[in-house]
Amino acid sequence: MSERRAKRPKITRGEDDYMPGNIAEIELHNFMTFSKLTCKPGSRLNLVIGPNGSGKSSLVCAIALGLGGEPQLLGRASSIGAFVKRGEESGYIKISLRGETKEEQLTITRKIDTRNKSEWIFNGKAVPKKNITDIIQSFNIQVNNLTQFLPQDRVCEFAKLTPVQLLEETEKAVGDPRLPVQHRDLISKSEELKKSERTVKSGRETLDQLREVNSQLERDVERLRQREHLLAQAETMKKKLPWLKYDAKKAEFLEAKRQEQDAKMKLDEVAESLNELMEPIEEKKQEKAERDAKCKKINGLLGDNANKRMKLLDQDNHLDVQVRGKYNEMDDFKKQEESRQRRISKAQEDLRTAELELANLPPYEPPRDKIDGLGSKILELQDAARELRSQKSEMERSLDRNRTAFRQCSDKLKEMENVNNKRLRALQSSGVEKIFEAYNWVQEHQHQFNKSVYGPVLLEVNVSNRIHADYLEDHVPFYAWKAFITQDAADRDFLVRNMRSFNLPVLNVADERQSRVPFKITEEMRMLGIHSRLDQVFDAPDAVKEVLINQFGLDSSYIGSSETDKRADEALQLGIFDLWTPENHYRWKKSRYGGHVSGTVESVEHSRLLLCNVDAGEVERLKSQKLELEEAVSTFEDNLRAVKSELKNIEDQGAKLEKQREEIINESLLEKKRRREMEGRVRQRVINMKSLEREDDLDSIAAKLTDQIQAMKLKRFQLALELKNLLIDAVAHRRNYAEHNMACLELGLKIKEMEANVKHQEKFAMQASLHYEYCKKETEERRRQLEAAKRHAESVAIITPELEQAFCEMPSTIEELEAAIQDTISQANSILFLNHNVLEEYETRQKKIESLSKTQEMEEEKLSNLIDEINALKERWLPTLRSLVSQINQTFSRNFQEMAVAGEVSLDEHDMDFDKYGILIKVKFRFYKAMISFGYQQSNADHTLFIRHYTGKLTLLIVYVDDIVMTGDDKEEMD
């Protein structure tokens, strides 16, 4: 529970009849319509009376803002700067409150300016806003509470307050400060009470259901326990069954082990006899291996002998070939000598010819001066071309900059000249977010309309005079500027359906155009300064003009001058009820019933929509800049073309000079190459001549070849002797190899006979081994089965003395035991159940019943305590509240009775539903009967709205606080 606030001290009036916190004085400076105002309210009820626009609401706004309220509280503006008087930069609100004594005065000053800044001053010292808020709260002043402070623009909010909200605000505003705290505590406790009651009721029902279900299951539980006993006996019998199977497996294992031992004895006997046959075979094999080794050695000697003989034969053949080659070489040298003599003669003749050509070759000197002259000219042209390229790059950069500036200037000029786009943006910035989408949609679907559709209206209206634009925009409501206008009922319905998503109005021009009073300025009007009418100052399509004039009475609104402003009262005598001057807008209204005339004066506001045009000076400047940039771009392009042409000429000249220089250099290189080739040819022929002269003569070569042939023949004879000796050794080795090979063949036959006997014996050994392995595997399988049976038996039941005694009472064979188990199970299964989980459900439900019983006792005790707390709190809260509402009702009824209206305030009680308690306000006006007598009908949706249909025309009357608003198309009725 939240901490209770301290009780507000009882407030009493002093000798001066003022209460602490009463406003003693109000001083305003440059606030809304007031330049300077000072007033001193009385100690009790204060009434401010005056015509519309005289500043009554401004005074109320000043009180709210001066006592810590925010602009949003008043429903007029969202910023504090909007309350500074037009044309001024700053202002202030100064409010003096009576303190606890007559002499004590608390002065609160709030300084405001058009920059939406506020400064708070308390008794001459600047303080933060929190200090002001604390002072205001100490007097229980609540400007944000509609039951204590009701601005004119928030009356609708007060009317929409529900009885519950009205009670809450009343408790905060005029009741005991403990009342709202107690009320909130009662609401929270009543919700907790309802929740607790639901919990107790639900728990009680749940317990009763569980107990009833368990009482129905007790008989089934008894039968289930009997069945479980029989099944437990069967389970005990099943525990002996694996131990009986274990005994059977043990007997099988012992028999398999005996058979394994017999097979092992037979296998040992066969292995012993096989070993006796294997020993002589090994001896023969060893002897045969020795013979094979000797044969292999002799065979190796034969191979070496054959290799040596082959090498000797190869050497002999090679020497034979060399001898024949030497003879052929001698014949060739004879022929070469003859050829050499012929070549020497020819070489001498060629040498003389080459020397003569070299001597006759004329000398050549390259033209260095001409080459150097061409090089200097080329360098000059290259420098000039480099300078031109630099100028070209600079001019291209300047041209790019000017082109970019020209494009930006053109884009900006195009944007500034697009008035429609600017006006659409002005509408969008004024809150019509989807105006662009709606405008584009209408343009795209123009072909689907029967007649032309105009809109938004702002785009269709053109006003040349700025002052007239101010008048027209102030006169026509904002919703009309964003509206679209149709000229056909079907077009209107089609457009309304599609404009719903854009939230924009649609206006339709009536088929029958109403006749209008022709524009005419009388002499009296001209003397008064009236020179035009509002329907004459703008251009628009006929349909748009028709809507604006008919719906907003532009043909009844006249335009005057500053002179008219001074003599505005005389306009009424000329039958003018709507008049515009440069400073003010005058409107007069004549009552149908009393005949008296009331008037209002409003200052003229500057146009924000119609004159969102561009600055003409800026447009002219941009156009001038565009022309200058265009000329600059043209000049740069001409200069650039001239530079490119000059650069091309210089590059062509340089290329021609470069080509001439290359031709001269190539000619010089060609002459040098020709001379070098001639000198090389002479040197080569000299070398050839010397080489031919250095060759040996034929006789010396023939003697050398004869000596070489004799040495080769001697070497062939020595090779023939070595081949003879090798043939003798080969014959001896071949005879020895044949003897050893025959002995090896005889030993191989004997070994085969002995191995055949061994294989026959091995067959018997293999059969014995296979039988032994089979018996061994069988024994192992029986051992595994025995261990598995033992593990299974131990997993089923470990034999204890008690279990062993129970086993003794059971059958001793597997067949008899299985039959006994089957009989016991059949007897248990004869006890039938629909629900086999009944015992588990019974026990679970019983535990749940015990747990819920304890919880239920705690909840019931909590519920009882909660009811006691609520009753005690209600006894303190409700009588105080009833007394407060009764006092309010007495004052309310008495005041309304004095106004000839019946009024009642009552407390709407709802027992323990404290969140539904509220205050009901009942008022019965006599205005209703008067309107009904004039033929009006009251709207069921809004009782402040009265409707009258007469001769096909409509009149609407709305009662709004202290104003009555009329509209419709029945001008006679409204007049």
Side-chain angles (χ1 to χ4, degrees), residues 52-53 57 71-72 74-79 81-83 86 152-153 156 419-439 441-442 453-463 465-486 492 495-496 499-509 534-535 537-541 543-557 559 578 580 584-587 600-613 956 958 960 963 965-969:
N52 288 343
S57 300
Q72 294 82 358
L74 301 170
R76 285 175 170 254
S78 59
S79 59
F83 292 91
R86 183 175 298 171
Q152 174 181 340
D153 295 290
C156 288
V419 177
N420 283 357
N421 186 54
K422 281 197 160 292
R423 289 187 175 181
L424 288 174
R425 290 196 181 280
L427 284 174
Q428 189 179 51
S429 63
S430 298
V432 190
E433 298 178 356
K434 298 183 179 180
I435 189 65
F436 277 97
E437 293 86 340
Y439 176 73
W441 186 93
V442 171
V453 175
Y454 301 99
V457 171
L458 184 64
L459 303 188
E460 309 296 344
V461 175
N462 293 313
V463 186
N465 188 297
R466 179 183 182 85
I467 297 176
H468 294 166
D470 296 342
Y471 301 161
L472 187 60
E473 186 172 330
D474 281 356
H475 193 90
V476 178
F478 177 71
Y479 80 88
W481 295 117
K482 62 181 181 179
F484 288 84
I485 295 177
T486 61
R492 175 197 60 201
L495 190 58
V496 166
M499 285 292 112
R500 286 174 183 165
S501 59
F502 303 116
N503 195 23
L504 292 173
V506 177
L507 305 177
N508 190 56
V509 181
L534 205 54
D535 61 337
V537 299
F538 70 96
D539 294 326
V544 177
K545 264 197 170 186
E546 187 72 21
V547 170
L548 293 178
I549 293 172
N550 287 344
Q551 293 204 11
F552 307 112
L554 301 184
D555 55 349
S556 300
S557 183
I559 300 174
D578 196 290
W580 290 90
N584 297 305
H585 179 202
Y586 297 91
R587 283 183 294 183
T600 59
V601 182
E602 296 177 351
S603 58
V604 178
E605 296 185 1
H606 292 300
S607 171
R608 295 181 300 105
L609 302 176
L610 287 172
L611 290 181
C612 55
N613 300 327
L956 301 178
I958 303 172
Y960 180 72
D963 288 332
V965 180
M966 292 187 69
T967 184
D969 56 0

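Everything numeric here is computed off the predicted structure, so don't read it as measured data.
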(message) If you define the side chain from C-beta out and look only at heavy atoms, does anything of V544 sit under 4.5 Å from V461?
(response) yes
(message) Would you say that more than 12 heavy atoms from the other residues, nucleotides or ligands in this model lie under 6.0 Å from the CD of E437, or not?
(response) yes
(message) Test side-chain contact (heavy atoms from CB on, under 4.5 Å) on D474 and H585; report intermediate values, then the result.
(response) CA-CA 9 Å; D474 281 356; H585 179 202; 5.7 Å; no
(message) To the closest 0.5 Å, what do you measure between CG (L609) and CG (L424)?
(response) 11.0 Å
(request) May I have the step-by-step check of side-chain contact (heavy atoms from CB on, under 4.5 Å) for T486 and V496, ending in yes or no? (result) CA-CA 10 Å; T486 61; V496 166; over 6 Å; no
(message) Please report the interatomic distance CZ(F538) to CD1(I549), rounded to the nearest 0.5 Å.
(response) 5.0 Å
(request) Of all the heavy-atom pairs spanning V509 and E546, show the shortest one and how long it is. (result) CG1-CG, 3.9 Å
(request) Could you check I485 against E460 for side-chain contact (heavy atoms from CB on, under 4.5 Å), going step by step and ending with a plain yes or no? (result) CA-CA 10 Å; I485 295 177; E460 309 296 344; over 6 Å; no
(message) Looking at every heavy atom in both P456 and I435, which two are closest together, and how far apart are they?
(response) CG-CD1, 3.5 Å
(message) Could you measure the distance from the CG atom of L534 to the CG atom of L548? Nearest 0.5 Å is fine.
(response) 9.5 Å
(request) Please report the closest heavy-atom contact between S79 and P71, naming both atoms and the distance. (result) C-CG, 3.8 Å
(request) Grab the two heavy atoms, one from E433 and one from Q428, that are nearest each other, plus how far apart they are. (result) O-NE2, 3.3 Å
(message) What's the separation between atom CD1 in I467 and atom CG in L472, rounded to the nearest 0.5 Å?
(response) 14.0 Å
(message) To the closest 0.5 Å, what do you measure between CG (L504) and NZ (K482)?
(response) 6.5 Å
(request) Mind listing the closest non-hydrogen atom pair of D470 and S607 along with its distance? (result) OD1-N, 2.7 Å
(request) Check whether any side-chain N or O of K434 sits under 3.5 Å from a backbone N or O of S501 as a donor-acceptor pair, and report yes or no. (result) yes
(request) Would you confirm whether R423, through its side chain, and L458, through its main-chain N or O, come within 3.5 Å as a donor-acceptor pair? (result) yes
(message) I need the L554 CG to D535 CG distance, nearest 0.5 Å.
(response) 6.5 Å
(request) Taking all non-hydrogen atoms of both residues into account, name the closest pair between S603 and N584 and its distance. (result) CA-OD1, 3.9 Å
(request) Decide side-chain contact (heavy atoms from CB on, under 4.5 Å) for E473 and W481; before the verdict, give the C-alpha distance in whole Å, the side-chain angles of both, and the deciding distance to 0.1 Å. (result) CA-CA 9 Å; E473 186 172 330; W481 295 117; 4.1 Å; yes
(message) Using side-chain heavy atoms (C-beta onward) and a distance below 4.5 Å, is L495 in contact with F484?
(response) yes
(request) State, yes or no, whether a side-chain contact exists between V476 and V457 at a heavy-atom distance under 4.5 Å. (result) no
